[in-house]
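Take a look at the structure set out below.
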Amino acid sequence: MKTVFESARETPVRHESQALVAGGGLTGVCAAIAAARAGARTLLVEHSHMLGGVATAGLMASFNNRFIAADGTQVVCGIPGEIVDRLVELRGARPDWRRPDLPHLPFDPELLQVVLIRLLRDASVHVLLGTTVAAARDENGVVAVILEGKAGREAALADVVVDATGEAVIAAHLGADCGETPPASASLEFRMAGVDLPAFFEHFRQHPEDFAEDYDLATEFEEFARNWSELGVFHLPHGGGVRMRPIQDAIARREYWKERGLAHGLDAFGFYATADTDTVIVNSNFYTLDSLDPSDLSNAIQDARERCIETADLLKRVMPGFEQAYVVATAPELGVRISRRIRGRATLTREQLQRGDTFEDVVAVQPRLHSIAHGERRVDGTSELPYGIMLPRDVARILVASGKTVSTEPRGVVRAMVSCMALGQAAGAAAALAGAAGASPSNVPIRRIQQELLDQGAYLGPEDRLAELGLK
């Protein structure tokens, strides 16, 4: 391989903070707010020109409802719950969302960006958009992060870094063991307006066999119908297109395809919408690629934009309610489901989640879910997420917070946006405490972190669980 010599140079230090958060997706925003609320001078760096990550730039404008356990208890609270409540106040999400029979919470991605901007501003977080992490190294106990923007290179110094990039970029630069990165699954969402949602729903009322009950966060048809009629929430599970007869008939007539170009799973068809709009998010393509290879990403993104238009044309031809619909946006960014994953001081397994195992270093809780044929279903109880999955074994002064990149087996089992927000708040609180103490995040007493999270409104379990942990 040919190489180019780069001469040594001095890079001006433009920013100094106690906590630097890399990545302005939901994980990073929650981390930055938590760190600032815990008293840390905080810098948030994001490569794109918008906040929210997958939820906005990825147009996955619907939260998988891991806020609520099977018994109706809200188990993800604090900053994540505040974000949804702020969305409701702006009429960007439906108000009656605290229900265990509601699988998804569709929202307005433009209003979500406004909510995030205001929360960060209120917390006095300094935000840099359009800024990419180019390198990082440990400078005698301070992390030096090299940033690239349109004006060139600059450096930011931080006592502690939260890596919320979704690719463990800073962790990799610092030499964390991330193992091999396997081929990733990715999709490009798109948005259609002019959809007659009552007519679309009527198709499923007349043909309930077209509704896939065992896909995504599974819902019975009766729950789907009740959520639409009572709450105005329309959620057709991702992957359920394989049951939709108009789609499958078009494939049989060779008017559409399961695979085309670089895409596969073109009949997946997840739909997310609310009754107060005629706009629908459509999720219906898969790409398998090297998520760290720019050529792979570029080829997939270009292919996907073509496929989105073809998919929209199919819906206009064969699905009731879409006759006058049109594409108003394809996602600015490809949604990549897995990437690098650190080897942490602890590793959380799917089996532990499904058993509802408890951990002394719990920093977040989610509903207990069991895998079914093509998705998951809530069961009684909760699952705890331990602090150690965010701590690389071999690198100090950094927490890795994205659910895609924390230490789990298999990778990505806590990558849902709600779980990512809860992990982000935990990482931000811990980073602030570590920075204030001049310590590595692994050396901060876990009870101090847990108490800070409780003070910020997070949920770590019922009263008896908190008593076991010595927190009440």
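This one's a predicted model, so the numbers in the text were calculated from it and none came from an experiment.
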Practice prompt. Would you confirm whether Thr56, through its side chain, and Leu51, through its main-chain N or O, come within 3.5 Å as a donor-acceptor pair?
Written response: yes
Worksheet item: So do the side chains of Glu333 and Ser48 get within less than 4.5 Å of each other, counting heavy atoms only?
Response: yes
Practice prompt. Please examine the side chains of Asn65 and Pro103, heavy atoms only from C-beta on, and report whether any two atoms are closer than 4.5 Å.
Written response: no
Discussion item. Check whether Thr131 reaches the backbone of Leu129 with its side chain - one donor and one acceptor, N or O, closer than 3.5 Å.
Written reply: yes
Worksheet item: Is there any salt bridge (Lys or Arg N to Asp or Glu O under 4.0 Å) pair reaching into residues 432-448, and which pairs are they, with sequence neighbours excluded?
Response: Glu360-Arg447
Worksheet item: Going through the checks in order, is the salt bridge (Lys or Arg N to Asp or Glu O under 4.0 Å) test met by Arg465 and Glu384?
Response: CA-CA 11 Å; Arg465 177 61 178 142; Glu384 295 185 352; 2.8 Å; yes
Worksheet item: Are the side chain of Arg393 and the backbone of Gly344 linked by a donor-acceptor contact shorter than 3.5 Å?
Response: yes
Item to complete: State whether the side chain of Asp177 and the backbone N or O of Ile342 hold a donor-acceptor pair below 3.5 Å, judged by distance alone.
Response: no
Fill in: Pairing residues for Asp96 by the salt bridge (Lys or Arg N to Asp or Glu O under 4.0 Å) criterion, not counting sequence neighbours
none
Worksheet item: Can you check whether Asp296's main-chain N or O pairs, donor with acceptor, with Ser298's side chain at less than 3.5 Å?
Response: no
Worksheet item: Is it true that Glu409 and Arg341 have a side-chain N and a carboxylate O under 4.0 angstrom from each other?
Response: yes
Practice prompt. Supply the atom-to-atom distance Leu315 CG to Tyr326 OH, rounded to the nearest 0.5 angstrom.
Written response: 15.5 Å
Item to complete: Look up atom CG in Leu188 and atom CD in Glu306, then write down how far apart they are to the nearest 0.5 Å.
Response: 12.0 Å
Worksheet item: Do the non-hydrogen side-chain atoms of Phe190 and Thr311 ever get within less than 4.5 Å of each other?
Response: yes
Worksheet item: Roughly how far apart are Leu87 CG and Leu116 CG, rounded to 0.5 Å?
Response: 8.0 Å
Discussion item. Tell me every residue that passes ring-ring contact (aromatic ring centres under 6.0 Å, His included) with His15, counting only those two or more places apart in sequence or in another chain.
Written reply: His126
Worksheet item: So, does Thr132 use its side chain to make a donor-acceptor pair with the main chain of Ala134 at under 3.5 Å?
Response: no
Discussion item. Do Arg337 and Ser187 pair up side chain to side chain, a donor and an acceptor below 3.5 Å, judged on atom types alone?
Written reply: yes
Item to complete: For residues Pro410 and Arg350, report the shortest heavy-atom separation together with the two atoms involved.
Response: CG-NH1, 3.5 Å
Discussion item. Once ring-ring contact (aromatic ring centres under 6.0 Å, His included) is applied, do any residues pair with Phe286, and if so which ones, sequence neighbours excluded?
Written reply: His238, His264
Identify every side-chain donor-acceptor pair in residues 414-434 under 3.5 Å, counting partners at least two apart or on other chains, and give the distances.
| residue | atom | partner | partner atom | Å |
| --- | --- | --- | --- | --- |
| Ser419 | OG | Gln366 | OE1 | 2.7 |
| Gln425 | OE1 | Ile79 | N | 3.1 |
| Gln425 | NE2 | Gln456 | OE1 | 3.1 |

Item to complete: Could I get the full list of salt bridge (Lys or Arg N to Asp or Glu O under 4.0 Å) partners for Arg307, not counting sequence neighbours?
Response: Asp303, Glu310
Discussion item. Could you tell me if the side chain of Val362 sits less than 4.5 Å from the side chain of Leu385, heavy atoms only?
Written reply: no
Discussion item. I'd like to know if the side chain of Gln354 pairs up with that of Ser371 as donor and acceptor (distance under 3.5 Å, no hydrogens or angles considered).
Written reply: yes
Discussion item. Parallel, tilted or perpendicular: which one describes the rings of Phe63 and Phe67, with boundaries at 30° and 60°?
Written reply: perpendicular
Worksheet item: Would you say Tyr287's side chain and Ala304's backbone share a donor-acceptor pair under 3.5 angstrom?
Response: yes
Worksheet item: Any side-chain donor paired with an acceptor under 3.5 Å for Thr330 and Arg305?
Response: yes
Worksheet item: Does the side chain of Leu119 come within less than 4.5 Å of Ile83's, by heavy atoms?
Response: yes
Worksheet item: Should Ser407 and Thr347 be marked as a side chain to side chain donor-acceptor pair (under 3.5 Å) after you check the CA-CA gap, both sets of side-chain angles, and the distance that decides it?
Response: CA-CA 5 Å; Ser407 186; Thr347 297; 2.9 Å; yes
Discussion item. Under the criterion salt bridge (Lys or Arg N to Asp or Glu O under 4.0 Å), I'd like the reasoning laid out for Arg91 against Asp108: C-alpha separation, chi angles, the key distance, then a yes or no.
Written reply: CA-CA 8 Å; Arg91 301 176 64 86; Asp108 185 324; over 6 Å; no
Worksheet item: Are Ile338 and Ser185 side-chain neighbours, meaning at least one heavy-atom pair lies under 4.5 Å?
Response: no
Fill in: Under-4.0 Å salt bridge between Glu452 and Arg37
no
Discussion item. Can you confirm whether the side chains of Thr27 and Ser402 place a donor and an acceptor under 3.5 Å from each other?
Written reply: no
Worksheet entry | Nearest heavy atoms of Val363 and Pro386, plus distance in Å | CG2-C, 4.1 Å
Worksheet entry | Nearest-0.5 Å distance, CG of residue Asp361 to CD1 of residue Ile446 | 5.0 Å
Fill in: Greater than 12 external heavy atoms within 6.0 Å of Arg137's CZ
no
Fill in: Thr73 and Ile68, any side-chain heavy atoms less than 4.5 Å apart
no
Fill in: Under 3.5 Å: donor-acceptor pair, side chain of Glu46, backbone of Gly24
yes
Fill in: Pairing of Arg66 and Glu376 as salt bridge, 4.0 angstrom limit
yes
Worksheet entry | Side-chain heavy atoms of Val413 within contact of Leu353, under 4.5 Å | yes
Practice prompt. For the residue pair Asn227 and His104, confirm or rule out a side-chain donor-acceptor distance under 3.5 Å.
Written response: no
Worksheet item: Taking the side chain from Gln113 and the backbone from Glu110, do they hold a donor-acceptor pair closer than 3.5 Å?
Response: no
Practice prompt. Start with the C-alpha distance between Asp163 and Arg340, add both sets of side-chain angles, then the distance that settles salt bridge (Lys or Arg N to Asp or Glu O under 4.0 Å), and finish with yes or no.
Written response: CA-CA 12 Å; Asp163 187 331; Arg340 290 190 189 99; over 6 Å; no
Worksheet entry | Basic-acidic side-chain contact under 4.0 Å: Glu82, Arg118 | no
